[in-house]
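These notes concern the structure reproduced below.
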Amino acid sequence: MNEYNLIDSRASHYAKLLHWNAEEAVCLLLGKNPNIVLQRIARSSSSAFERTIEYRELKQIFNRSAHLIGHGDKFSPINVLEWGIHYEVSVPKFLIGHVEKFHGPIQQWNPSEGYLALRRAPVLPKSGASRKGLDKPDDVREADGDELNLKAKTSLLRLVAGMAICGYSFNPNAERNNAIRDIEGDLYKLGIPLNNQTIRAWLHEAATLIDWAAVDEAITEKFRNPKMK
């Protein structure tokens, strides 16, 4: 079954993607090339690899956890690997290296801290209370438990990136960021205990959604010259 094995160049390609679908995620966790597997499936009813117990069992477990890992059929690489490592899947080390390069450090899987928190819809006032300025944005679905859809998540992450960069001078290119410590401290004052690894991971994901070509030059200049205020 060597033809299905994932090679380094394909791992690098998939690590650069913002999202994987469920089939890609399961194949990659098992060190298999999704392109080959899915091509074989498309040409016939199934592939030899898809029929293996290893694949079927992991896909079943993954599908049962899908709502904790991503939204719909879109799963961020970092969430997939954290989930896989937590459930003792032998994820290829070179895949982990590529994903960390593009998405930040792997953390201990904790769905209560990261993705689930961002999927919850804003809390609206009870009936009779003032709703001025608190109406839900158009990209939040009313159905499906008031969950944030992908468009809303992107908007929220951009909002987070804007506040972190302009309010805390967060520099996504810096190896060390005092901004993360400051954000952690301010969140703690508000009774929101998020650790710096969680904050760092989400800020780096948010920063990938910024159109840096359109950013004011005064801000990008501060990244090149940290002494500027």
Side-chain angles (χ1 to χ4, degrees), residues 1-120 141 143-154 157 197-198 201-202 205 208:
M1 206 173 292
N2 290 337
E3 62 178 322
Y4 296 108
N5 287 348
L6 183 67
I7 60 175
D8 187 77
S9 61
R10 298 310 298 165
S12 176
H13 164 74
Y14 279 101
K16 295 174 185 175
L17 301 180
L18 187 59
H19 299 291
W20 297 337
N21 62 35
E23 286 75 18
E24 290 170 339
V26 173
C27 289
L28 291 165
L29 284 171
L30 294 173
K32 306 302 178 184
N33 185 341
N35 274 353
I36 302 297
V37 174
L38 298 178
Q39 284 175 12
R40 296 290 189 275
I41 294 173
R43 291 174 185 173
S44 60
S45 59
S46 64
S47 69
F49 174 66
E50 191 193 25
R51 291 194 297 269
T52 64
I53 294 176
E54 183 182 34
Y55 176 86
R56 286 188 285 112
E57 287 185 345
L58 183 60
K59 189 173 181 182
Q60 182 183 50
I61 298 170
F62 186 90
N63 287 341
R64 300 281 177 91
S65 303
H67 65 290
L68 302 177
I69 307 170
H71 184 85
D73 196 33
K74 297 182 183 295
F75 307 94
S76 75
I78 201 79
N79 282 2
V80 170
L81 295 197
E82 288 174 357
W83 176 88
I85 292 170
H86 176 77
Y87 284 99
E88 300 181 342
V89 179
S90 298
V91 183
K93 290 184 179 180
F94 61 88
L95 177 61
I96 294 174
H98 286 303
V99 169
E100 287 190 320
K101 177 180 178 181
F102 296 108
H103 298 273
I106 299 290
Q107 304 172 48
Q108 184 175 357
W109 171 249
N110 186 351
S112 65
E113 276 198 60
Y115 189 79
L116 290 183
L118 285 179
R119 291 177 71 222
R120 295 193 182 101
R141 300 185 302 177
D144 211 13
D146 280 338
E147 293 176 349
L148 296 179
N149 64 14
L150 179 60
K151 183 179 177 182
K153 178 193 171 188
T154 300
L157 284 175
Q197 287 187 329
T198 298
W202 282 112
E205 179 170 349
T208 65

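Just so you know, these numbers use all the heavy atoms, side chains as well, and skip hydrogens, waters and symmetry mates. This chain uses plain numbering: 1 for the first residue, then up along the sequence.
- Here the CG atom belonging to Leu58 is positioned 9.5 Å from the CG atom belonging to Asn63, to the nearest 0.5 angstrom.
- For the residue pair Asn5/Lys32, the side-chain donor-acceptor check at 3.5 Å is satisfied.
- Partners of Phe75 according to the ring-ring contact (aromatic ring centres under 6.0 Å, His included) rule, which considers only residues two or more places apart in sequence or in another chain, are Phe62.
- Applying the ring-ring contact (aromatic ring centres under 6.0 Å, His included) test to Phe94 and every residue at least two apart in sequence or in another chain returns nothing.
- Proximity of a side-chain donor or acceptor of Gln60 to a complementary backbone N or O of Glu57 within less than 3.5 Å is not detected.
- Considering Val91, Leu29, Leu68 as possible partners of Trp83, the one that fulfils the side chain to side chain contact (heavy atoms under 4.5 Å, CB included) test is Leu29.
- Closest approach of Pro92 and Gly31 over heavy atoms only: CG-CA, 3.5 Å.
- Looking only at side-chain heavy atoms (C-beta outward), Ile96 and Ile106 come within less than 4.5 Å of each other.
- The closest donor-acceptor contact from the side chain of Asn21 to the backbone of Asp73 lies at 3.5 Å or more, if one exists at all.
- The CG atom of Leu28 lies 11.5 Å from the CD atom of Glu23; values are rounded to the nearest 0.5 Å.
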Using distance only, find each side-chain donor-acceptor pair of residues 8-19 under 3.5 Å and give its atom names and separation, not counting sequence neighbours.
residue, atom, partner, partner atom, Å
Asp8, OD1, His98, NE2, 2.9
Asp8, OD2, His98, NE2, 3.4
Tyr14, OH, Asn35, OD1, 2.9

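- Considering CD1 of Ile78 and CD of Glu100, their distance stands at 6.0 Å, rounded to 0.5 Å.
- Note: Gln108 CD to His86 NE2 = 7.5 Å, rounded to the nearest 0.5 Å.
- Within the model, atoms OG1 of Thr154 and CD of Glu205 stand 8.5 Å from one another, a figure rounded to the nearest 0.5 Å.
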